[in-house]
Amino acid sequence: SDGHNAHDEL
Amino acid sequence: MTLFRLAGDLSHVLAILLLLYKIWTTKSAAGISGKTQLMFCMVYVTRYLDLFTSFISVYNSTMKVLFISASVATVYLIYFKFKATYDGNHDTFRMEFVIVPALILALIWNYAFTFFEISWAFSIFLEAVAILPQLFMVTKTGEAENITSHYLFALGSYRALYILNWIDRYYFEGHWDPIAVTAGIVQTVLYGDFFYLYFTRVIKGRKLQVLP
């Protein structure tokens, strides 16, 4: 993932 | 998903359920800041706008729905169902003093100047300071019920555990989220005084009293 934009955390 | 993040999320869920349990069983919102809960509502709504557009996992979506619905339910209990028990005279923190700066900062510091990313950054910054009305209320009333102290402990621990998660992810995955980490550190530091009182008083079975 490109890090930031994939906000995978709540 | 690191263990720290799972522990953090579970601590967060525990806090939310503890608060609902306290208000529902005592049928009272005494000692609870409605303003903090209103801001938590804003935090979840502005952060989880992608609930229907991006699917990460069943766990992720389930938690988002839980956080939004539980915070709406909490606000409903405080401002409607048990309105008579809401202690507005001690819940005097000016929300605009944290909402406006969070919005301005989100317009300046974000990962993309898009509605979604600005909304997400606003949510992260707001969450860091949303607990202030509650902490002010505890100092104003001079004490907090035990279950309210446990609620605050679980809530403060959740983002502290996330910090360990971020260290873990940086060490093993080599990247980190500057906005979330900065805000998460501020958020956890704000609980510092409360954590001290919690460990020196509540743990020893005494009521949490803010020394006059």
Side-chain angles (χ1 to χ4, degrees), chain A, chain B residues 1-2 4-13 16 43-44 46-51 53-57 59-68 109-112 114 116-117 119-121 123-124 127 158-159 161-163 165-166 168-170 173-181 183-184:
Chain A
S1 72
D2 60 347
H4 301 311
N5 294 329
H7 296 300
D8 62 347
E9 295 181 343
L10 290 170
Chain B
M1 167 69 83
T2 67
F4 297 120
R5 183 145 68 98
L6 180 60
D9 289 341
L10 295 180
S11 182
H12 193 184
V13 169
I16 288 175
V43 165
Y44 300 131
T46 54
R47 186 172 309 178
Y48 302 146
L49 295 175
D50 63 344
L51 177 60
T53 56
S54 82
F55 178 78
I56 304 247
S57 67
Y59 172 84
N60 185 272
S61 299
T62 308
M63 294 298 243
K64 287 176 177 176
V65 169
L66 173 65
F67 291 162
I68 292 174
W109 190 17
N110 51 60
Y111 292 132
T114 63
F116 175 74
E117 286 298 331
S119 177
W120 181 85
S123 161
I124 292 287
E127 186 190 2
Y158 126 71
R159 216 63 180 172
L161 287 162
Y162 256 71
I163 293 173
N165 155 65
W166 290 324
D168 188 300
R169 290 192 81 172
Y170 181 72
E173 297 172 27
H175 80 81
W176 64 305
D177 185 331
I179 289 179
V181 171

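Given the structure is predicted, the values throughout are model-derived calculations rather than measurements. In what follows, chains carry the letters A, B, and so on, assigned in the order in which the sequence lines appear, proteins first and then strands, with residues in each chain numbered from 1.
Interface remark: B:Asn60 contributes backbone and side-chain atoms alike to the contact with chain A (heavy atom separation under 4.5 Å). Using a 4.5 Å cut-off between heavy atoms, B:Phe67 contacts chain A through its side chain alone, with no backbone atom that close.
Annotation for A:Leu10 and B:Tyr59: closest pair CD1-CE2, 4.4 Å, computed over non-hydrogen atoms.
Between B:Trp120 and A:His7, the two ring planes are parallel [angle under 30°; tilted spans 30° to 60°].
With rounding to the nearest 0.5 angstrom, the CG atom of A:Asp8 is 5.0 Å from the CZ atom of B:Arg5. Rounding to the nearest 0.5 Å places CD of A:Glu9 at 8.5 Å from CD1 of B:Ile124.
Under a cut-off of 6.0 angstrom, the local environment of OH in B:Tyr170 is sparse, with at most 12 non-hydrogen atoms contributed by other residues, nucleotides or ligands.
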